Structure formats: structure tokens, C-alpha cells
Amino acid sequence: MYIILLGAPGAGKGTQADNLSSELNLPHIASGDLFREALRKETELGLLAKSYMERGELVPDEVTIKMILHRIEMPDCASGCLFDGFPRTLAQAEALDKGLADKGKSIDKVIYIKVSDEELLKRLGGRWLCRNCQTPYHLITAPPKVPGKCDKCGGELYQREDDKEETVKERLRVFLAQTIPIVDYYRGQSKLIEVNGNQGIQEVAKEIMLLLKAK
Ligand code: ADP
Ligand code: ADP
Ligand code: ZN
């Protein structure tokens, strides 16, 4: 199965991907994590992505598409994967459809996690991530057992530079302008599953599993 997790910054894509990836045994492909890893390694891709990420803008389609199409050529994606944060533009959605079609595959379902703006701001404001395994935590709603440490791997937790208020506003604006159009694209293909993301983490996870099984 090829599944896409769609939602605004802070909607809970990474959080739900953790759960879904173990429930469905699918590799988790997060474009933001791939860019941050490239940045850490100071590769050409990382240096290119840096200025866009700092401003809360999208990395150009051409580069992003190339990175993801390359990633899904890896053997772990041969029978499916879970996309988180990709596609984010119509051009990316079309390129993904084409890339999969070339392999005789296609997207099965697109899970759109809908969350109010007010809640998104609270989530991003309190988000901490594991530097080692990228698991998301939240100061209030999903705290780690030991402060500052990842429950899963003991890694150090940190706050993303682009989770500060000014950059968040730009990221939300970009989501509305560039990503919302792909909701209709997938609705038109009858692949869209809309989930109420304004609920607790477990409730959202349950709703996703229920809707995936129903269709
Ligand atoms: P969030 O999950 O909080 O929305 P991500 O980690 O997915 O954030 O993305 C962080 C940043 O990485 C984005 O603001 C953007 O600059 C870049 N990025 C990630 N995915 C894409 C994509 N599909 N297209 C273009 N840029 C992307
Ligand atoms: P995204 O990948 O969509 O940007 P994350 O999964 O990183 O979002 O979640 C953003 C923040 O909100 C994290 O701090 C996470 O712990 C928290 N969070 C995720 N889902 C929920 C939820 N349903 N209720 C409360 N907090 C949540
Ligand atoms: Zn960790």
C-alpha cells in the first residue's frame, strides 16, 4: 500500500505516521526529515534546501521530486510506503503519480488530517523532536517520560528553528496557497479520507485505522 499523510504543519502527520508505519508495516518517508538529514550532513541538497526551510517556504519542486522519486527506488519501498509531508504541490502530486505508474504502482489512500489554526499554533509552539530518530513530542500533550530524552532511543530532544512564530505563520500561509489544492486532486480520484485531527493522539489514530479498514 502507498499511503499519503496530508495536513498543515503541526497537524500530527509525523505522530500518526509512527503509529501507522508499525500497524501497517510500511516505511515512513518524511520529506522534511530527509531535508534535515541532508542539512546535517551538509550535502549539496541540504545547503540548497536550507534557505527555503529557514524562511518557511517550499523547496523547489524539481529538487524535492527528484529526492523522493530516488528514495522510493530503495528496496524497502517496493511494495508500499507512507508519505509524510510529500506531495505538497500539485506538480509534486502529479510527478508522484507518474513515478509510481512507471513502476506499475499507484497511491491507494490519502489521509487528510484536519486541524484548526488555533490548535496548530499550540502544537508547533510546544513541539520537541528527537535528534536521533525524529520522534515528535509535545511539552503538554505528549511529554517524554524523562525530560529532554527520547522514550524510544534515549536521544536528545530539540526544538526546530522553523517552529518559531514568524516562520510558522509563513508555513501556514504556504500550506493554504500551495498544498490545499491537492486535497481536491485526490478527492477527484476518490482516494481522500478526511480525519478530524482536533482530537487526542489515540482518538485520531483510531479514526484513521477505522476509515482505512472501511474503504
Ligand atoms: P511540518 O511537518 O511541520 O509541516 P516538514 O518537516 O514536513 O514540516 O517540512 C519542513 C520544511 O521542509 C518545509 O517548511 C519546507 O521548507 C521543506 N519541505 C518539506 N517537505 C517538502 C515538500 N514536499 N516540498 C517542498 N518543501 C518541503
Ligand atoms: P506534523 O508532522 O504534521 O508537523 P507532528 O506529528 O510533529 O505534526 O505534531 C506536532 C506537535 O503536536 C508535536 O509536538 C506532537 O507531539 C503534537 N501532537 C500531534 N498530534 C497531536 C494530537 N492529536 N493532540 C495533541 N498534540 C498532538
Ligand atoms: Zn529517538
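None of these values were measured; they are calculated from a predicted model. We count ligands from 1, going down the list as the structure has it; atoms in each ligand are counted the same way.
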**Item:** Heavy-atom nearest neighbour in the protein, as seen from atom 23 (N) of ligand 2, with distance rounded to 0.1 Å
**Value:** Gln199 O, 2.7 Å

**Message:** Within the 4.5 Å heavy-atom criterion, are Asp117 and Leu121 side-chain neighbours or not?
**Reply:** no

**Prompt:** Out of Ser31, Gly7, Gly56, who gets a non-hydrogen atom closest to atom 20 (N) of ligand 1?
**Reply:** Ser31

**Item:** Per-atom contacts of ligand 1 with Glu57, taking only distances under 4.0 Å to non-hydrogen atoms
**Value:** 15 (C), 16 (O)

**Prompt:** What is the closest protein heavy atom to atom 27 (C) of ligand 1, and at what distance does it sit?
**Reply:** Phe35 CE1, 3.7 Å

**Request:** Answer with yes or no whether Ala30 contacts ligand 2, where contact means a heavy atom under 4.0 Å from a ligand atom.
**Result:** no

**Request:** Work out which heavy atom in Pro144 is nearest to a heavy atom in Leu157; give both atom names and the distance.
**Result:** CG-CD1, 3.6 Å

**Asked** What residues, two or more places apart in sequence or in another chain, satisfy side chain to side chain contact (heavy atoms under 4.5 Å, CB included) together with Lys50?
**Response** Leu39, Glu54

**Asked** Considering Lys13, Gln92, Arg171, Glu54, which one's heavy-atom position lies nearest to atom 24 (N) of ligand 1?
**Response** Gln92

**Prompt:** For ligand 1, which atoms, with element, lie under 4.0 Å from some heavy atom of Thr64?
**Reply:** 22 (C), 23 (N), 24 (N), 25 (C)

**Prompt:** Is there a nitrogen or oxygen of Gly14 sitting under 3.5 Å from a nitrogen or oxygen of ligand 2?
**Reply:** yes

**Message:** Heavy-atom distances under 4.0 Å decide this one: backbone, side chain, both or neither, for Ala17 against ligand 2?
**Reply:** neither

**Asked** Which ligand 1 atoms, with their elements, are less than 4.0 angstrom from a heavy-atom of Arg36?
**Response** 6 (O), 10 (C)

**Request:** Please identify which atoms of ligand 2 are closer than 4.0 Å to at least one heavy atom of Ala142.
**Result:** 16 (O)

**Asked** Is Arg123 reaching over with its side chain to a backbone N or O of Val115, donor-acceptor style, under 3.5 angstrom?
**Response** no

**Asked** Nearest to atom 13 (C) of ligand 2, what protein heavy atom do you find, and at what distance?
**Response** Tyr137 O, 3.6 Å

**Prompt:** atom 21 (C) of ligand 2: which protein heavy atom is closest, and how many Å away?
**Reply:** Ile201 CG1, 3.3 Å

**Request:** Around atom 12 (O) of ligand 2, find the nearest protein heavy atom and jot down its residue, atom name and distance.
**Result:** Arg123 CB, 3.3 Å

**Request:** Considering only NZ, NE, NH1 and NH2 on the basic side and carboxylate oxygens on the acidic side, decide whether Glu94 and Lys98 come within less than 4.0 Å.
**Result:** no

**Item:** Sidechain N-carboxylate O distance under 4.0 Å for Lys41, Glu37
**Value:** yes

**Asked** To the nearest 0.1 Å, how far is atom 19 (C) of ligand 2 from its closest protein heavy atom, and which atom is that?
**Response** Thr15 OG1, 3.4 Å

**Prompt:** Which of parallel (below 30°), tilted (30 to 60°) and perpendicular (above 60°) describes Phe175 and Tyr112?
**Reply:** tilted

**Item:** Protein residue, atom and distance nearest to atom 26 (N) of ligand 2, heavy-atom basis
**Value:** Thr141 OG1, 2.8 Å

**Message:** Listing by chain and number, which protein N, O or S atoms are under 2.8 Å from the Zn ion (ligand 3)?
**Reply:** Cys130 SG, Cys133 SG, Cys150 SG, Cys153 SG

**Request:** Determine, stepwise, if the pair Lys66 / Glu62 fulfils salt bridge (Lys or Arg N to Asp or Glu O under 4.0 Å).
**Result:** CA-CA 6 Å; Lys66 197 170 148 202; Glu62 197 191 319; over 6 Å; no

**Prompt:** From Arg88 CZ over to Ile4 CD1, what is the distance, rounded to the nearest 0.5 angstrom?
**Reply:** 12.5 Å

**Item:** Lys105 (side chain) donor-acceptor with Ala78 (main chain) under 3.5 angstrom
**Value:** yes

**Prompt:** At what distance, to the nearest 0.5 angstrom, does OH of Tyr2 lie from CG of Leu96?
**Reply:** 10.0 Å

**Asked** Does Leu58, backbone or side chain, put an N or O under 3.5 Å from an N or O of ligand 1?
**Response** no

**Request:** Kindly identify the option in Lys122, Arg127, Gln202 whose heavy atom sits closest to atom 7 (O) of ligand 2.
**Result:** Arg127

**Prompt:** Side chain or backbone of Val59 under 4.0 Å from ligand 1, or both, or neither, by non-hydrogen atoms?
**Reply:** both

**Prompt:** So is Arg160 close enough to ligand 1, meaning a heavy atom under 4.0 angstrom away?
**Reply:** yes

**Request:** Any chance you could lay out the salt bridge (Lys or Arg N to Asp or Glu O under 4.0 Å) test for Glu170 and Arg173, step after step, and finish with the verdict?
**Result:** CA-CA 5 Å; Glu170 177 61 10; Arg173 201 191 58 73; 2.9 Å; yes

**Request:** State whether Arg71 and Asp76 are salt-bridged, where the test is any N-O pair (Lys NZ or Arg NE/NH1/NH2 against Asp/Glu carboxylate O) under 4.0 Å.
**Result:** yes

**Message:** Tell me whether Ala11 has any N or O atom under 3.5 angstrom from an N or O of ligand 2.
**Reply:** yes

**Message:** Determine whether a donor-acceptor pair (N or O, by modelled atom type, separation under 3.5 Å) exists between the side chain of Thr89 and the backbone of Gln178.
**Reply:** no

**Prompt:** Who's closest to atom 5 (P) of ligand 1 heavy-atom-wise, of Glu170, Arg88, Met53?
**Reply:** Arg88

**Asked** Looking only at protein heavy atoms, which one is nearest to atom 8 (O) of ligand 2, and how far off is it?
**Response** Gly12 N, 3.1 Å

